[in-house]
Chemist: 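One structure coming up, written as structure tokens, with questions to follow.
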Protein chains: 2
Amino acid sequence: MAGDGTIGKACDVLDQVAAFARPVRFGELLEHSDFPKATLYRFLQSLTNQGMLSYDPDRQTYAPGLRLVRLAHAAWTQSSLAPIARPFLDALSRETGETVHLAQLDSGQVLYVDKRNATQPVEMFSQAGKVGPAYCTGVGKAMMAHLEPDQLAKALSQQSFYRFTDKTLASEQLLVADLVAIRERGYAVDDEEHEPGIICVACPVLTEGGRMLGAISITGSTERMSFAQLQAWVPRVRRVADQIGAEAQSWRFPETRPNGNSDRMQGT
Amino acid sequence: MAGDGTIGKACDVLDQVAAFARPVRFGELLEHSDFPKATLYRFLQSLTNQGMLSYDPDRQTYAPGLRLVRLAHAAWTQSSLAPIARPFLDALSRETGETVHLAQLDSGQVLYVDKRNATQPVEMFSQAGKVGPAYCTGVGKAMMAHLEPDQLAKALSQQSFYRFTDKTLASEQLLVADLVAIRERGYAVDDEEHEPGIICVACPVLTEGGRMLGAISITGSTERMSFAQLQAWVPRVRRVADQIGAEAQSWRFPETRPNGNSDRMQGT
DNA sequence: AAACTGAGTTCCACAATATGGAACCATATG
DNA sequence: CATATGGTTCCATATTGTGGAACTCAGTTT
């Protein structure tokens, strides 16, 4: 993750702050940063001014700012598959009764953009925006299997290959072999590679041209079901993934004029 | 919103892109931008590289990128009141059966960070991250009423004073007068100032020191209830707002080490 | 009380970086 | 085929970011 000039550096700082999963003090950031004191300081200032970070004067801590939430709303609406996929996910979740995920790839990691939890009512951000490893999850592997060679190389270099379970594919060789197989058969499986007891089947969402957009998956637990049972859903998942891909291709945003106060919220 | 150097400009570009509520082409952005062609181009490049924007090669359009979603997840968790307020909002929503909002102020606008919809099941981002006007909503006025003079001045300058309804307080004078009253009585009302038929009562969330953190509100419609009925909830809203304020003050994040893969997501 | 410590903030000469006019290229359009 | 339009690249220039060092302001220690 090396620099696009100032912008790249600023983004690094944002990530730094976000990486602490709690508000951080200047000093703490300084320790974990490559920037000299004054430089880091100025970045924090500017980012805080811009609302990309928030500063708590009482505690003297920095945290990711609310402006990000506002921007993310736009991102989620516009450049994620979620709005398109929603009805399909609903249907899939209803039919299967299992947990359904919609994920996209972001800097080599799986970013969950939507989810249906079979049982409990949804909780907002607690699901969208979360990240996970790509090399040991169904959606992650499904997506990587359909990357262009150069993108794949980059993605591979970003994997940690930490051995979560003894079934984890903990090396590039093992992973690549699986990716080839996945590409051939059209879907990926996660057989307790990330968490013991958790299994999953996933299909990539592709454009007609073969460009990879994301992936969807159905997750189950070994306690409640066999792998074979889960695999029986694959054709259904395939179909839904294809539908989403097709929709995404033809999808056009309704015409709007620039400064869109256009999408308003009822309430006050 | 003038510049903190390069960072400020980059943020402006992000906002520009987000302001179109749809993917935009280079040329469209150029029209609405102050930057010369080459400069804007380089910004878009860098931001796209960084994942702050996403670029659709098929359509040649830019949109806010997924990295924002990831960062926003952190922002929402860390610097919004939502995690703290959640149980209180749940309770309030259950008791009243009405729509409940939690909002914070972001560059002079109301940013909704959480919501309870009495009737329907929640939909994630479709609620959090949305923005609204501050001068004509309950939460907006409740928050502005408790700003420091200089912050208030800034916020006032950012209001559009568009006349949504004939009850809208469409001038600074009217608004300021109301803010004084709100500060005295401790809560704000929105009597169809934003949308016809929509009424609301709101209380600010304050620290013990009086620092304004956000606001909560209960919204109703004139069809189903009278203003008096709604106002009967004020003491309850007040109490909840105070509780959230107190919590926020004492809240400490659990100790974590920097690079937090700490909050993981079950699933794959 | 004076000296110390360390976090946070400001300064400023220097150098790296962003700038933007103009030229260029590729794809639609008349 | 010519022309316009939208998008991309170049490069000399100067604006901007850089970071070492000096400073300020608590909170401690001697």
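So you know, we letter chains A, B, ... as the sequences are listed, proteins then strands, and number each from 1.
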Chemist: List for me each residue that meets side chain to side chain contact (heavy atoms under 4.5 Å, CB included) alongside A/L14, sequence neighbours excluded, and say none if there are none.
Modeler: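 A/L14: side chain to side chain contact (heavy atoms under 4.5 Å, CB included) contacts with A/L47, A/M52, A/L53, B/M52, B/L71.
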
Chemist: Could you state the atom-to-atom distance from CG of B/L44 to P of C/dT19 in whole Å?
Modeler: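 Going from B/L44 (CG) to C/dT19 (P), I get 12 Å.
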
Chemist: For B/I7 and C/dT17, give me the distance from atom CD1 to atom P, rounded to whole Å.
Modeler: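 Distance, rounded to whole Å: 14 Å.
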
Chemist: Are any protein N/O atoms closer than 3.5 Å to N/O atoms in nucleotides 7-10 of chain C? If there are, list each pair with its distance.
Modeler:
| from | atom 1 | to | atom 2 | distance (Å) |
| --- | --- | --- | --- | --- |
| C/dG8 | OP1 | A/R25 | NE | 3.3 |
| C/dG8 | OP1 | A/R25 | NH2 | 2.9 |
| C/dG8 | OP2 | A/G27 | N | 2.8 |
| C/dG8 | N7 | A/K37 | NZ | 3.2 |
| C/dG8 | O6 | A/K37 | NZ | 3.1 |
| C/dT9 | O5' | A/Y41 | OH | 3.0 |
| C/dT10 | OP2 | A/Y41 | OH | 3.3 |

Chemist: Does A/D242 have any side chain to side chain contact (heavy atoms under 4.5 Å, CB included) partners at least two apart in sequence or in another chain, and if so, which?
Modeler: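 With sequence neighbours excluded, A/D242 shows a side chain to side chain contact (heavy atoms under 4.5 Å, CB included) to A/R238, given in chain and number order.
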
Chemist: Can you list the residues that meet the ring-ring contact (aromatic ring centres under 6.0 Å, His included) rule with B/Y187, with sequence neighbours excluded?
Modeler: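 Once residues adjacent in sequence are excluded, B/Y187 has no partner under the ring-ring contact (aromatic ring centres under 6.0 Å, His included) criterion.
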
Chemist: Just checking B/T39: base, sugar-phosphate only, or nothing, at a heavy-atom cut-off of under 4.0 Å?
Modeler: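 Result for B/T39 = base.
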
Chemist: I'd like to check the ring-ring contact (aromatic ring centres under 6.0 Å, His included) partners of B/F88; sequence neighbours left out, ordered by chain and number.
Modeler: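 ring-ring contact (aromatic ring centres under 6.0 Å, His included) list for B/F88, sorted by chain: empty.
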
Chemist: Quick one: how far along DNA chain D does chain A reach, first to last nucleotide 5' to 3', anything under 4.0 Å to a heavy atom?
Modeler: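 Going 5' to 3' along DNA chain D, contacts run D/dG17 to D/dG20.
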
Chemist: Within this structure, what is the CZ-to-P distance between B/R42 and C/dG21, rounded to whole angstrom?
Modeler: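 My rounded result for the distance is 12 Å.
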
Chemist: Any donor-acceptor pair under 3.5 Å linking the side chain of A/R70 with the backbone of B/L111?
Modeler: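 A pair under 3.5 Å: no.
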
Chemist: Between B/Q104 (side chain) and B/V113 (backbone), is there a donor-acceptor pair under 3.5 Å?
Modeler: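 Checked: no pair found.
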
Chemist: B/F35 has an atom CZ; how far is it from atom C1' of C/dG21, in whole Å?
Modeler: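 After rounding, the reported distance stands at 17 Å.
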
Chemist: Do A/Q159 side-chain atoms and A/Y135 backbone N/O form a donor-acceptor pair below 3.5 Å?
Modeler: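 Between the backbone of A/Y135 and the side chain of A/Q159 there is a qualifying donor-acceptor contact (under 3.5 Å).
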
Chemist: Parallel, tilted or perpendicular, judged at 30° and 60°: which one describes the rings of A/F20 and A/H32?
Modeler: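 Rings of A/F20 and A/H32: perpendicular, over 60°.
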
